[in-house]
Asker: 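Can you keep this structure in mind? I'll have questions shortly.
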Amino acid sequence: MINRELIRLKVVQLVYAFYQNEGKTLDVAEKELTFSLSKAYELYKYLLSMLVDLKAYGERRAESSAARAERLGTKIGGLSPDRQFADNKLLVQLADNKALGEYREKKQEWPEEPAFVKKLYATMIESDLYQAYLTKEDFSYEADRELIRKLYKTYVCNNEDFDSLLEEHSLYWNDDKEIVDSFVMKTIKRFKEDSTAEQELLPDYAAVEDKNFAGTLFVETLKRAQEVRQLIRENSKNWEFNRLAFMDVIIMQIALAEILTFPQIPLNVTFNEYLDIAKVYSTPKSAGYINGLLDHVVKSLKKKGELMK
């Protein structure tokens, strides 16, 4: 699940933090990177678990309505929105999933969590999306799975209240959710009608190479700092090095460390990834400047025969 896009983002954050916290050793900083990435995977499981929490809340509402009707001697006609949600075929699979169940056994509920689940559930149940699903009365597996995918995309992705709640719970989740949301959506699509409780969730790393990439990029960025910053100084067009935005220097330092350390990664991939990060984390003009400087450094290295890609 942890891909190189997320790894690069984490490395930028933690290299920046390393220079802001004098006295921190490389060993301690590297352990913090590993921990930070593990928290991203925890967020992935938490978000899937929240879907099970929504199902459980719908189950309680459906049972409460049925008990009330029996007590009053009234009969509920038509579809029960709560029962239909609780019986959603994909949610049933998630609730039965062995790997997710192991996480849920250890998970501790936050004080704010029940109120948020209740509010999110009400929003979903009352939505036009859900009402259209009930109206069609197509309760096939595909329709159930697509409903949850659409509800998640509409009401969990870009949910500012939820983002704030997550940030309060863990600073490590502050910038992870957008990327992790995409993996939750991918996981929903991976489930099939015949998926059992043994259905695998996404692994923490797609490949051992990605895990190694994280540690190597982080360490090499710090070890090669003097070398790389000298390249930046020599190629800073019309700017003195000490006038550059510190975040710009960090982004360029990591990008150049990647270019020099990983010859198999195409230059355009490295350029695009760090320019996207610059657009979010630095000044409005930073991406254009960083692109120009990196291009200048690469051409200079190629001319000297120090870069072969």
Side-chain angles (χ1 to χ4, degrees), residues 43-157 159-166 168-169 181 184-185 187-188 191-199 201:
L43 175 60
Y44 164 71
K45 289 184 287 187
Y46 174 79
L47 292 172
L48 286 172
S49 176
M50 185 193 63
L51 293 174
V52 179
D53 290 337
L54 290 167
K55 168 186 161 47
Y57 183 73
E59 184 82 38
R60 292 194 296 271
R61 281 178 54 102
E63 291 175 354
S64 177
S65 296
R68 187 185 308 112
E70 183 176 353
R71 190 170 61 250
L72 297 176
T74 58
K75 184 177 181 180
I76 301 176
L79 288 171
S80 164
D82 296 314
R83 172 52 58 193
Q84 205 61 46
F85 191 94
D87 290 345
N88 181 279
K89 297 176 181 62
L90 173 69
L91 295 184
V92 170
Q93 288 178 324
L94 288 175
D96 292 340
N97 184 265
K98 184 177 178 180
L100 191 56
E102 290 174 355
Y103 165 76
R104 287 177 61 78
E105 286 177 3
K106 301 174 184 177
K107 169 181 171 289
Q108 293 184 341
E109 188 176 85
W110 315 337
E112 314 91 339
E113 202 169 16
F116 178 78
V117 168
K118 179 179 179 180
K119 179 180 178 181
L120 181 60
Y121 179 86
T123 301
M124 288 182 170
I125 287 292
E126 295 167 7
S127 68
D128 292 341
L129 264 175
Y130 192 67
Q131 295 305 314
Y133 161 81
L134 293 177
T135 301
K136 289 180 181 178
E137 296 193 19
D138 174 9
F139 305 132
S140 63
Y141 179 84
E142 290 74 16
D144 276 15
R145 184 182 59 190
E146 181 63 8
L147 170 70
I148 299 305
R149 188 192 70 79
K150 287 181 177 179
L151 288 174
Y152 188 95
K153 183 177 182 181
T154 306
Y155 299 108
V156 179
C157 296
N159 184 321
E160 292 183 1
D161 290 339
F162 192 27
D163 292 348
S164 297
L165 180 63
L166 292 174
E168 288 175 11
H169 182 70
D181 277 336
V184 172
M185 303 279 283
T187 300
I188 290 172
F191 273 77
K192 307 297 180 186
E193 188 169 7
D194 59 357
S195 294
T196 68
E198 303 297 325
Q199 170 73 30
L201 303 179

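When reading the values below, keep in mind they use all heavy atoms of this one structure, side chains included, and skip hydrogens, waters and symmetry mates.
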Asker: Among H169, K118, K107, Q108, which residue satisfies the side chain to side chain donor-acceptor pair (under 3.5 Å) criterion with E113?
Answerer: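 Result for side chain to side chain donor-acceptor pair (under 3.5 Å) with E113: K107.
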
Asker: So do E59 and R83 actually touch side chain to side chain, heavy atoms under 4.5 Å?
Answerer: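 In short, these two side chains touch, coming nearer than 4.5 Å.
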
Asker: State the NZ-CE distance between K150 and M185, to the nearest 0.5 angstrom.
Answerer: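 Going from the NZ atom of K150 to the CE atom of M185 covers 11.0 Å.
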
Asker: How long is the span from the CG atom in L51 to the CG atom in L90, to the nearest 0.5 Å?
Answerer: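 Output value for this atom pair is 7.5 Å.
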
Asker: Considering only heavy atoms from C-beta outward, does the side chain of I125 approach that of R61 to under 4.5 Å?
Answerer: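 Counting from C-beta outward, I125 and R61 never come under 4.5 Å.
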
Asker: Hey, are the side chains of M50 and F162 touching, using non-hydrogen atoms and a 4.5 Å cut-off?
Answerer: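 They are in side-chain contact.
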
Asker: Shortest non-hydrogen contact from M124 to L151?
Answerer: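 The pair with the smallest heavy-atom distance is CE-O, 3.9 Å.
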
Asker: For residues P114 and E109, report the shortest heavy-atom separation together with the two atoms involved.
Answerer: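 Where P114 meets E109 most closely, the heavy atoms are CG-OE1, 3.4 Å.
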
Asker: Any chance you could measure I148, atom CD1, to L91, atom CG, to the nearest 0.5 Å?
Answerer: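 I148 CD1 to L91 CG: 4.0 Å, rounded to 0.5 Å.
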
Asker: Has K153 got more than 12 heavy atoms of other residues, nucleotides or ligands less than 6.0 Å from its NZ?
Answerer: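 No - once you tally the heavy atoms of other residues, nucleotides and ligands closer than 6.0 Å, there are 12 at most.
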
Asker: Would you call R145 and R149 a side-chain contact if the rule is heavy atoms closer than 4.5 Å?
Answerer: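 A side-chain contact under 4.5 Å is absent here.
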
Asker: Taking all non-hydrogen atoms of both residues into account, name the closest pair between K55 and A86 and its distance.
Answerer: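 So the two residues come closest at NZ-O, 2.5 Å.
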
Asker: Does any non-hydrogen side-chain atom of R60 lie less than 4.5 Å from one of S64?
Answerer: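 The answer is no, as the side chains (C-beta and beyond) never meet within the 4.5 Å cut-off.
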
Asker: Please report the interatomic distance CD(E112) to NZ(K119), rounded to the nearest 0.5 Å.
Answerer: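 One gets 13.0 Å once the value is rounded to the nearest 0.5 Å.
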
Asker: Please find the pair of heavy atoms, one from L54 and one from V117, that lie closest to each other, and give the distance.
Answerer: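 What the structure gives for the nearest pair is CD2-O, 3.6 Å.
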
Asker: What is the minimum heavy-atom distance between L134 and F139, and which atoms define it?
Answerer: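 Smallest heavy-atom distance, with atoms named: O-CZ, 4.2 Å.
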
Asker: When rounded to the nearest 0.5 angstrom, what distance separates OG1 in T154 from CG in N159?
Answerer: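 Reported to 0.5 Å precision, the distance equals 11.0 Å.
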
Asker: Show every side-chain hydrogen bond (donor to acceptor under 3.5 Å, both in side chains) that has at least one partner inside residues 120-131, sequence neighbours left out.
Answerer: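 Found D82-Y121.
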
Asker: Could you note down all residue pairs passing side-chain hydrogen bond (donor to acceptor under 3.5 Å, both in side chains) where residues 134-144 supplies at least one of them, sequence neighbours left out?
Answerer: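 Residue pairs with at least one partner in residues 134-144: Q93-Y141, Y133-D144, D138-S140.
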
Asker: Do L48 and Y103 have side chains that get closer than 4.5 Å, going by heavy atoms?
Answerer: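 No, too far: nothing below the 4.5 Å cut-off.
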
Asker: Begin with the C-alpha distance, continue with both residues' side-chain angles, and end with the deciding distance and a verdict on side-chain contact (heavy atoms from CB on, under 4.5 Å) for D161 and L120.
Answerer: CA-CA 10 Å; D161 290 339; L120 181 60; over 6 Å; no

Asker: For Y46 and V184, run side-chain contact (heavy atoms from CB on, under 4.5 Å): C-alpha distance rounded to whole Å, both residues' side-chain angles, the deciding distance at 0.1 Å, then the answer.
Answerer: CA-CA 10 Å; Y46 174 79; V184 172; over 6 Å; no

Asker: At what distance, to the nearest 0.5 angstrom, does CG of D53 lie from CZ of R104?
Answerer: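 One gets 4.5 Å once the value is rounded to the nearest 0.5 Å.
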
